[in-house]
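Keep in mind it's a predicted model, so treat the numbers as computed, not measured. Chain letters run A, B, ... following the sequence lines, proteins first and then strands; every chain starts at 1.
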Amino acid sequence: MKRREIESRLRAMRLVEPRPELKDVVMATAARSRPAVAPPRTAHWPGRGFWVSWATAMVLVVAGEVVVTQGARDRRLATGSARSVSDWSIDLQQETGEEIPRRVLARIERADEPNQYGAGTSFRDEEIASFMR
Amino acid sequence: MDERECEREVIERLAAGDMEALGAIYDGHARRLFAHALWMTRSRGDAEDVAQAVFAKLASMGEQLLGIHDLRAYVNRMVHYECLDLMSRQRLRAEEPIDSALFVRDGADPVATAEIAEMEERLEGLDPEQRETVYLHLFEGLTFREAGKIMGVSIFTAASRYRLAIGRLRRESGV
């Protein structure tokens with residue numbers, strides 16, 4: 001009976017669900033996966049720019065701005081509204097205590113200048129790779 | 001066409017390169033796949049990473065997909081091993097999850113919200129394997145044999161993990 005009580009308490013709670021936009025990300029990544037044997041580390045995000053992962057970090061372009069985040073822990077922030085790179089980097093460093101590599105930031109800050117990239121700009125793989133070098 | 005036949009058709013379409021079939025698989029499995037990963041990792045971001053990796057792998061499997069006889073169990077196994085890999089890497093980097101909510105809060109009911117928070121704290125104290133067993137048995141409705149196959153353990157181990165987990169939750173809840 002007591003076991004049943006715990007079970008019914010648990011069952012009565014509603015499970016957290018994935019965000020709706022995850023499907024777009026998943027489908028975009030999967031589309032780039034074919035016919036590769038291993039999943040590639042980059043993904044196009046139609047209409048919202050470009051999302052790329054490298055090791056534990058990501059570059060995300062939203063509405064013409066480029067934001068940087070360090071892995072999954074900040075993805076919830078990255079998928080929100082676009083922020084300036086400098087605001088973003090301060091938030092990021094305060095929250096994670098991690099520093100964005102200086103040469104990545106320098107390259108990204110240039111991308112943050114007005115009119116350099118329009119909304120929904122997609123970078124080529126080579127350009128993204130150059131951010132990280 | 002019954003459910004099995006529909007699933008077979010979707011698998012065959014994806015194996016032939018039809019990405020709309022992947023969308024159908026996502027619609028049918030993403031919620032529980034995400035929840036499974038969330039219960040193991042206790043991190044929304046990590047669970048999304050796992051979901052992304054699992055679907056990317058499915059998309060890249062091509063004709064290997066035709067060997068799948070139970071898609072539901074297959075993706076659960078993929079989630080299980082993706083989560084183990086992820087948690088192993090995180091242990092190396094000593095990372096702690098920061099968004100570990102497992103249940104939806106109802107802001108209008110503070111008592112329910114407090115109860116959820118307490119339950120999550122108790123669940124956090126369980127081993128990931130115990131939490132996973134509770135999720136698979138209680139929320140996916142799997143038998144211990146089915147849950148054990150997904151986790152790569154015997155029916156007895158799965159049942160034992162569940163019993164220990166519920167016992168601990170009972171003691172800590174004062175039930």
B:Leu123 versus chain A, the contacting section by heavy-atom distance below 4.5 Å: side chain

Mind checking whether B:Trp39 and B:Phe103 have parallel, tilted or perpendicular rings, split at 30° and 60°? perpendicular

Given that the side chain runs from C-beta out, which part of B:Gln64 has a heavy atom under 4.5 Å from chain A: side chain, backbone, both or neither? neither

Under a 4.0 Å N-O cut-off, is there an ion pair linking A:Arg19 with B:Glu48? yes

Which bit of B:Leu22 is near chain A, if near means a heavy-atom gap under 4.5 Å: side chain, backbone, both or neither? both

Is any side-chain heavy atom of B:Val75 closer than 4.5 Å to a side-chain heavy atom of B:Phe55? no

Where on B:Val54 is there a heavy atom nearer than 4.5 Å to chain A: the side chain, the backbone, both, or neither? neither

Pairing of B:Glu129 and B:Arg161 as salt bridge, 4.0 angstrom limit: no

Answer yes if the side chains of B:His36 and B:Glu140 hold a donor-acceptor pair under 3.5 Å, and no otherwise. no

If you count heavy-atom pairs within less than 4.5 Å of chain A, which of B:Leu102, B:Asp27, B:Leu33 leads? B:Leu102

